[in-house]
There are 2 protein chains.
Amino acid sequence: MNLLLENIAKHVSLTKEEQERVLSLVTLEHFKSKKILLQEGDICTHSFFVIKGILRSYTIDENGVEHVVSFACPGWWIADMYSYLSQRPGQLYIEVNEDADVVLLSKENQEKLYKEVPKLERFFRILIENSLVANQQRLIDNMSFTAEARYDKFTKKYKDLIHCLPQKQIASYIGVTPEFFSKMKARLLKKQS
Amino acid sequence: MNLLLENIAKHVSLTKEEQERVLSLVTLEHFKSKKILLQEGDICTHSFFVIKGILRSYTIDENGVEHVVSFACPGWWIADMYSYLSQRPGQLYIEVNEDADVVLLSKENQEKLYKEVPKLERFFRILIENSLVANQQRLIDNMSFTAEARYDKFTKKYKDLIHCLPQKQIASYIGVTPEFFSKMKARLLKKQS
DNA sequence: TTTATTTCTTAATCCAGATTAAGCAGTTCT
DNA sequence: AGAACTGCTTAATCTGGATTAAGAAATAAA
């Protein structure tokens, strides 16, 4: 649970009382691998902060193909932002990739926090800013680079994560089929030697 | 200039004095078509709010190919968010598509506004939230849909804009070459009849 | 342990979209 | 008016990556 307070402390400093207030408005839960925390059509009532384990968000398109939107490991937030912000049914799935301890913050309680601890408005703004920048970069990368270059970027950015993920999920994240990804990887191995 | 205050009023309500303070910290400028407001390597010191005309942001990749990131018409903000937030050199170009009246807000003055009119922290958070959601949707669309479906979405979303844009820019935005875009459009015309 | 189920790989074939190239119309500049 | 750009189109060819299919390896279930 300290991880959450440390995370906040990186961007704004709270008094002991404010910290207590934050903790009183969130809950900690444990989820087993493969548990689905959110489905297409659901309204995203909570955002999730990962303490331990890994979560993953994805969409399923009209052909039944899964597209990974993001991974969240300890210290990261994850939610269907469209649904969470608008409180309308969303299109994202959020699933547990590896047994996880997760902090839940409800939309209601977040609004409460904004009022009671206005500093947190700043904190969440910064989170969203970072998320926007990362997202925009990924969009540009997808338009500018080949699958190979995208994979290269991914390995550098998520060095630790990479060994914990089934490679079909990595393939999906960088935007290729598992078959092509497998071929590409084999090609890269040959190149190196 | 009213457009700016209306834009703010949609999300937070300011007193007359607060409005005055906002206006005192921004400047209005006119730019001619093709004027480049920001280049790769520049630090983005201002964000731009379009009163009249159209701006466009894009990157140029290592092969010299341009990728349109966004269009901004009246009532929209535009900036290189990575560079603006981090005050580091960015990769985006921002160019005038059509003679434009633009409100400039410097990073400094924005910080000043956050302190003097904390309500604006909320306003800008909401802006960024919306921008994040739109961006994420575009990422999902790019992964899930064919060029044709993406074009279809684009025409619906930017009905008015579409007639003001050279189609090579539309092609770039949806992520195809102008040649392919031209072919696709011809194909669509045949289909309809 | 055996059986299912899922994941990964390899290979053949296919296709959306890129590349190259050329011609044409409209603008802008002398 | 002519020259020089820039934008759009068409067509031929090419390729990154998809699709289909089938087998091997690894996990999970019974």
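Proteins get letters first, then strands, A, B, ... in listed order; numbering begins at 1 in each.
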Participant: Under 4.0 Å from OP1 or OP2 of D/dC8: is there any side-chain N or O of B/Lys168 that close?
Facilitator: no
Participant: Looking only at atom types and distance, does a side-chain atom of B/Glu18 sit under 3.5 Å from a main-chain N or O of B/Thr15, one as donor and one as acceptor?
Facilitator: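 Confirmed, B/Glu18 side chain pairs with B/Thr15 backbone.
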Participant: Separation of B/Asp61 atom CG from C/dA18 atom C1', in whole Å?
Facilitator: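 That distance rounds to 13 Å.
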Participant: I need the CG-P distance between A/Leu189 and C/dC8, as an integer number of Å.
Facilitator: 15 Å
Participant: Atom NZ of A/Lys183 to atom C1' of D/dA21: distance rounded to whole Å?
Facilitator: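 Rounded to whole Å, this separation is 14 Å.
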Participant: Does OP1 or OP2 of C/dA18 have a side-chain N or O of B/Thr177 closer than 4.0 Å?
Facilitator: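 For C/dA18, OP1 or OP2 has a side-chain N or O of B/Thr177 closer than 4.0 Å.
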Participant: Does the ring centre of B/Trp77 sit less than 6.0 Å away from the ring centre of B/Tyr84?
Facilitator: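 Here the rings of B/Trp77 and B/Tyr84 have centres that are no less than 6.0 Å from each other.
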Participant: Calculate the interatomic distance between B/Phe145 atom CZ and C/dG17 atom P; express it in whole Å.
Facilitator: 13 Å
Participant: Which of the following nucleotides, D/dG17, D/dA11, D/dT20, is nearest to the side chain of B/Glu179?
Facilitator: D/dA11
Participant: Of the candidate nucleotides C/dT7, C/dG17, D/dT9, which contains the atom at the shortest distance from the side chain of B/Lys185?
Facilitator: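 Taking heavy atoms from C-beta onward, the closest nucleotide is D/dT9.
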Participant: Going by heavy atoms in the side chains, are B/Val26 and B/Met1 under 4.5 Å from each other?
Facilitator: yes
Participant: How about A/Phe154 and A/Tyr173: are their ring centroids closer than 6.0 Å?
Facilitator: yes
Participant: Could you give the CZ-to-P distance, from B/Phe181 to D/dC8, as a whole number of Å?
Facilitator: 9 Å
Participant: Measure the distance from CD on B/Gln169 to C1' on D/dT6 and round it to the nearest whole Å.
Facilitator: 12 Å
Participant: Separation of A/Phe180 atom CZ from D/dG16 atom C1', in whole Å?
Facilitator: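 Rounded to whole Å, this separation is 6 Å.
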Participant: Any side-chain N or O of A/Thr146 under 4.0 Å from OP1/OP2 of D/dG16?
Facilitator: no
Participant: Whole Å only: how far is the CD atom of B/Gln167 from the P atom of C/dG26?
Facilitator: 14 Å
